[in-house]
2 protein chains.
Amino acid sequence: MAVCELISNNGFDAVTVARTAATAGISVGLVQHYFRTKDEMLLHAFHHVSTHVRHRIDKRIQAGIEHRRPIAKVLAAGMAELLPLDATRRTEFRVMRAFAGRALDVPALAEVDIETARALRADIAQAVRNGKECGEVEPDLDPWPAAVRLAAVTDGLALQVYRDPDGVQGVPAKELAASILDAELGVTFTGQCQQYDSRKDRL
Amino acid sequence: MAVCELISNNGFDAVTVARTAATAGISVGLVQHYFRTKDEMLLHAFHHVSTHVRHRIDKRIQAGIEHRRPIAKVLAAGMAELLPLDATRRTEFRVMRAFAGRALDVPALAEVDIETARALRADIAQAVRNGKECGEVEPDLDPWPAAVRLAAVTDGLALQVYRDPDGVQGVPAKELAASILDAELGVTFTGQCQQYDSRKDRL
DNA sequence: GGATATACCGTATAGCCATACGGTTTTTAC
DNA sequence: GTAAAAACCGTATGGCTATACGGTATATCC
């Protein structure tokens, strides 16, 4: 999507209807044909990248399930997918962040933002519940606080990795993030998977 | 500052030189007299709120030290200061976030953003070191990963509290955040404070 | 093949924006 | 008191923006 290209290269302010059209190689009129207003265009773009990131994570999770890997490991991989650890994800992060920043003021964007976050949290909670069933998680643990916490560290870690891509105090960002995520998951996923009945759960 | 008022009421896009002047009750010319460009004005505003939030936290920490409270408790209070748990902090959060979103594209803003984050992280690390000295923290624990982790959860938690001010699954945001912060601090601060030599450490 | 819809274009326009500039008032310094 | 500096104002203006609009090509259907 041309919008994302512009955001990641020149910032959100550079996204004008005219420039977007030019970047996409079409005319202003055609953009108007597809989107009645600029906001509609932005909303569509936001929705687009949101679901794109989601699908990327879902795919990774699906693969993990098929290979019967421990849930904690699958989660770790999925969450790492949200960290700007390479050029691609860094670009993605910039775009998502720019949108999220705008979502503070534009209700239509905020809706998508909240919905995306909620869905992620719900899926993490489901993963914790699955963890209980197969013995990786203590049976009486409430999955929601854990899900909120895990979503929070991922979010916060992403920002830190973005700001200091080279890491902190000599420790590369990648390793630092991985160890923190592992530790964080270790708080919740304390046991080892016994058996996993692969139902249709997404996580 | 008029800039912040505009951002929190009408969003970042509403911040124009003319409107800022009107909000502040002065003329456009005077704004230009103080700031050569709009960017300069924005940068000043960002710097202003950054240090303001910082001072608020520092004060709370200073009070905690004077009352000889456990470092973990002081840290918890300081970090909670960053969460949008009431109207004031919610406004502050909006402003900070809007700036942070812009900082992705404007190098001058990014610099302030990074510097602020680094300072916070450094102070948390110092708190962990202090914790070691008085027995709250295991002596051989590396303070940096812990600091990164704690900064990350605070950041991420702030966003979640903002998005879902009413909490998750019936648990109010305030309690949820407090319990998560406590749990997170509990991972690092495992012991009890024996004695604390109140030096000039800021945390 | 004609009609209807959809894809697509280029230009016009009214509004808002940051900034430039020349002026006036107030304060400061001696 | 007076001169210099700082605070302060109001009005251009040129550029960029979203959007409106009228038109042309192209596909789709009967």
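Protein chains get the first letters and strands the later ones, always in sequence-line order, with residue 1 at the start of each. Computed from a predicted model, the values in this text were never measured in an experiment. Reckoned from all heavy atoms, side chains included, excluding hydrogens, waters and symmetry mates.
Between B:Arg19 and B:Asp13 there is no salt bridge, since none of the side-chain N atoms of the basic residue sits less than 4.0 Å from a carboxylate O of the acidic one. Using a 4.0 Å cut-off between charged nitrogen and carboxylate oxygen, A:Arg163 and B:Asp155 count as a salt-bridge pair. With respect to A:Asp105 and B:Arg94, a salt bridge is recorded, a charged nitrogen being found less than 4.0 Å from a carboxylate O.
One can place NE2 of A:His33 at 5 Å from P of C:dA7, the figure rounded to the nearest angstrom. As rounded to whole Å, 20 Å separates atom P of C:dA18 from atom OH of B:Tyr34. Rounded to whole Å, atom P of C:dC8 lies 12 Å from atom CZ of A:Phe35.
Surrounding CD of B:Glu111 are at most 12 heavy atoms belonging to other residues, nucleotides or ligands under 6.0 Å away.
Side-chain atoms of B:Arg89 come within 3.5 Å of backbone atoms of B:Ala80 as a donor-acceptor pair (strictly under, hydrogens ignored). Looking only at distances, a side-chain donor or acceptor of A:Thr51 sits under 3.5 Å from a matching main-chain atom of A:His48.
Contacts between residues 100-112 of chain B and DNA chain D, defined by a heavy-atom separation under 4.0 Å, are absent.
Checking B:Gln126 against B:Asn130 by side-chain atom types alone, a donor-acceptor pair falls below 3.5 Å.
A:Val161 and A:Arg90 get closest at one heavy-atom pair: O-NH1, 4.1 Å.
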Protein-to-nucleotide contact annotation, 5' to 3' order, nucleotides 10-28 of chain D [B base; S sugar-phosphate only; - none; under 4.0 Å, heavy atom]: B------SSBBB-------
